[in-house]
Amino acid sequence: MPKDKVVATAAEALAGVRDGASFAVGGFGLSGIPNVLIQALYDTGVTGIGVVSNNCGVDGGGLGILLAAGRIARVTASYIGDNKEFARQYLSGELEVELTPQGSLAERLRAGGAGIPAFYTPAGVGTPVAEGGLPLRHNPDGSVAAASPPKEVREFDGRPYVLEHGIRTDFALVRAAKGDRYGNLVFNKAARNFNPLAAMAGRVTVAEVEELTELDPDEVHLPGVFVQRVLVLTPEQAADKSIEKRTTS
């Protein structure tokens, strides 16, 4: 029989998290972010954590609540806009940041989950992404304390490609529209952009699901082999979804 992976509480879902742990976190902007698990992680009091995510939330929302509390030490992301506290911490030397092209970040997560240690991509060739020099950390006076090193570049069929490494994290936190007891997941629209990839990268992956149901194998977006724990949301939690920028009055 397949293992039933449903846990009773968010605290149980995050059993084993510790200071300094690394987390791959799903979501695209505020679409499909694991809000309940992020709040539960905040409640544990862990600090000094590393986060890999497309972005780091917004001021007061998503991963932004951990950032504002000074719990995050390092971020690997492709987009850092819409978060003034992020910019302040980065420029004042409180936060280490690795910027990576969005497609490269997605493939690094997927590769890590698939057991692929590294791959070559044309994205970033001829820029500081490949040549090095991107500020990883600043001094309090704004000067650069540490910069990214140059990466290996090789030619294939006459075209240069830069070597990027796969990403594995201690934990992954994701949100799915539907899931079953065995960890098989289905994502909704834009929430599918980074959630499946983040889930693959985690050694312990926790999924909060809006609806626990039986799934047709043909509709599964992420197989349960990548998921260790499933937290079923209440209807109120499932309906609580933030909007980044309201475009209607």
Checklist entry - What residue pairs, at least two apart or across chains, pass ring-ring contact (aromatic ring centres under 6.0 Å, His included) with a residue in residues 109-137? => result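 Qualifying pairs, neighbours excluded: Tyr120-Phe156.
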Checklist entry - With a 4.0 Å cut-off, would you call Glu208 and Arg175 a salt bridge? => result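 Yes, this pair counts.
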From [X] [atom1] over to [Y] [atom2], what is the distance, rounded to the nearest 0.5 angstrom?
X: Leu95; Y: Leu67; atom1: CG; atom2: CG; answer: 6.0 Å
X: Phe187; Y: Phe28; atom1: CZ; atom2: CZ; answer: 15.0 Å
X: Arg137; Y: Leu91; atom1: CZ; atom2: CG; answer: 12.5 Å
X: Gln237; Y: Glu210; atom1: CD; atom2: CD; answer: 10.5 Å
X: Asn195; Y: Leu185; atom1: CG; atom2: CG; answer: 8.5 Å

Item to check | Ring-face cation contact, Tyr42 with Arg71, 6.0 Å cut, 45° max | outcome: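 Cation-pi check for Arg71 and Tyr42: passes.
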Next on the checklist: Both conditions, 6.0 Å and 45 degrees, for the charged tip of Arg88 above the ring of Phe86: are they met here?
Outcome noted: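 Pair Arg88/Phe86 does not count as cation-pi.
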[X] and [Y]: side chain donor to acceptor below 3.5 Å:
X: Thr47; Y: Asp19; answer: no
X: His221; Y: Arg192; answer: yes
X: Gln39; Y: Asp43; answer: yes

Checklist entry - Heavy-atom count around Glu214 CD within 6.0 Å, excluding the residue itself: above 12? => result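 No, not enclosed.
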Checklist entry - Going through the distances and angles, do Arg181 and Lys5 end up as a side-chain contact (heavy atoms from CB on, under 4.5 Å)? => result CA-CA 6 Å; Arg181 292 187 169 275; Lys5 300 177 181 179; over 6 Å; no
Check whether any side-chain N or O of [X] sits under 3.5 Å from a backbone N or O of [Y] as a donor-acceptor pair, and report yes or no.
X: Gln228; Y: Thr205; result: yes
X: Asp180; Y: Gly183; result: yes
X: Ser22; Y: Gly50; result: no
X: Asn184; Y: Gly224; result: yes

Ignoring hydrogens, what is the shortest heavy-atom contact between [X] and [Y]? Give both atom names and the distance.
X: Asn54; Y: Ala77; result: O-CB, 3.6 Å
X: Cys56; Y: Asn83; result: O-ND2, 3.3 Å
X: Ala191; Y: Pro196; result: O-CD, 4.3 Å

Next on the checklist: Please verify the inter-ring angle class for Tyr90 with His138; under 30° counts as parallel, over 60° as perpendicular, anything in between as tilted.
Outcome noted: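 Perpendicular.
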Checklist entry - Can you hop from Leu231 to Val25 via hydrophobic side chains spaced under 4.5 Å? => result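 The answer is yes; both residues are in one hydrophobic cluster.
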Item to check | Audit row: Phe23, Val17, side-chain contact (heavy atoms from CB on, under 4.5 Å) steps and yes/no | outcome: CA-CA 10 Å; Phe23 295 81; Val17 300; 4.0 Å; yes
Next on the checklist: Determine whether Arg110 and Ile116 satisfy the following criterion, side-chain contact (heavy atoms from CB on, under 4.5 Å), listing intermediate values before the conclusion.
Outcome noted: CA-CA 8 Å; Arg110 190 203 68 82; Ile116 299 170; 3.8 Å; yes
